[in-house]
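First comes the structure, then the notes that go with it.
Since we're looking at a predicted model, the values are computed, not measured.
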Amino acid sequence: MTVETDQSSVAEPITEAATGVSLTEGAASKVASLLAQEGRDDLSLRIAVQPGGCSGLRYQLFFDERSLDGDQMFPFGDVSVVVDRMSLPYLGGATIDFVDTIEKQGFTIDNPAATGSCACGDSFN
């Protein structure tokens, strides 16, 4: 999955969570579509923050069936987003969107906790 950090405005989130994450309708729809293609309804979208990238931290988005100690789950209709306890402080108030334009396609994350990002948009600090 392509993930870009984005400090610009994004589509209206389904729900606003200052201490958690929000998913736009477009992102929720794309996640549901990808899960349907996989034929799995037992997976959640896991968002993690890992060391790496030009700015020091990078996002990881992947489907996961695990439930780890300290995970926070955020339900959005038929889609669930899971964040581990170490990543949650970096993602407070973040909104995940899905864009599909002629220029780019993929998930974007508008993160008010990010103080900056690299020029390629792949990492943040």
ILVMFWY cluster, F76 and V82 together (side-chain gap under 4.5 Å) = no
Shared ILVMFWY cluster between V99 and V21, side chains joined below 4.5 angstrom?
-> no
Side-chain heavy atoms of [X] within contact of [Y], under 4.5 Å:
{"X": "L43", "Y": "D64", "answer": "no"}
{"X": "V31", "Y": "F98", "answer": "no"}
{"X": "V81", "Y": "I47", "answer": "yes"}
{"X": "D41", "Y": "L35", "answer": "no"}

At what distance, to the nearest 0.5 angstrom, does [atom1] of [X] lie from [atom2] of [Y]?
{"X": "Q50", "Y": "Q60", "atom1": "CD", "atom2": "CD", "value": "4.5 Å"}
{"X": "R85", "Y": "L68", "atom1": "CZ", "atom2": "CG", "value": "9.0 Å"}
{"X": "S80", "Y": "D42", "atom1": "OG", "atom2": "CG", "value": "11.0 Å"}
{"X": "D84", "Y": "S67", "atom1": "CG", "atom2": "OG", "value": "11.5 Å"}
{"X": "I96", "Y": "F107", "atom1": "CD1", "atom2": "CZ", "value": "9.5 Å"}
{"X": "I109", "Y": "S22", "atom1": "CD1", "atom2": "OG", "value": "12.0 Å"}

D100 and K30 ion-paired at < 4.0 Å = no
Is the shortest side-chain N to carboxylate O distance from R66 to D71 below 4.0 Å?
-> no
Do Y90 and N111 get their side chains close enough for a donor-acceptor pair, meaning under 3.5 Å?
-> no
For the residue pair [X] and [Y], what are the closest heavy atoms and their distance?
{"X": "M73", "Y": "S44", "result": "CE-OG, 4.1 Å"}
{"X": "R46", "Y": "V83", "result": "NH1-C, 4.4 Å"}
{"X": "P112", "Y": "G93", "result": "CD-O, 3.5 Å"}

So, S87 side chain and A48 main chain: donor-acceptor pair closer than 3.5 Å or not?
-> no
Taking the side chain from T101 and the backbone from E103, do they hold a donor-acceptor pair closer than 3.5 Å?
-> yes
Determine, stepwise, if the pair D97 / D110 fulfils side chain to side chain contact (heavy atoms under 4.5 Å, CB included).
-> CA-CA 8 Å; D97 193 13; D110 179 37; over 6 Å; no
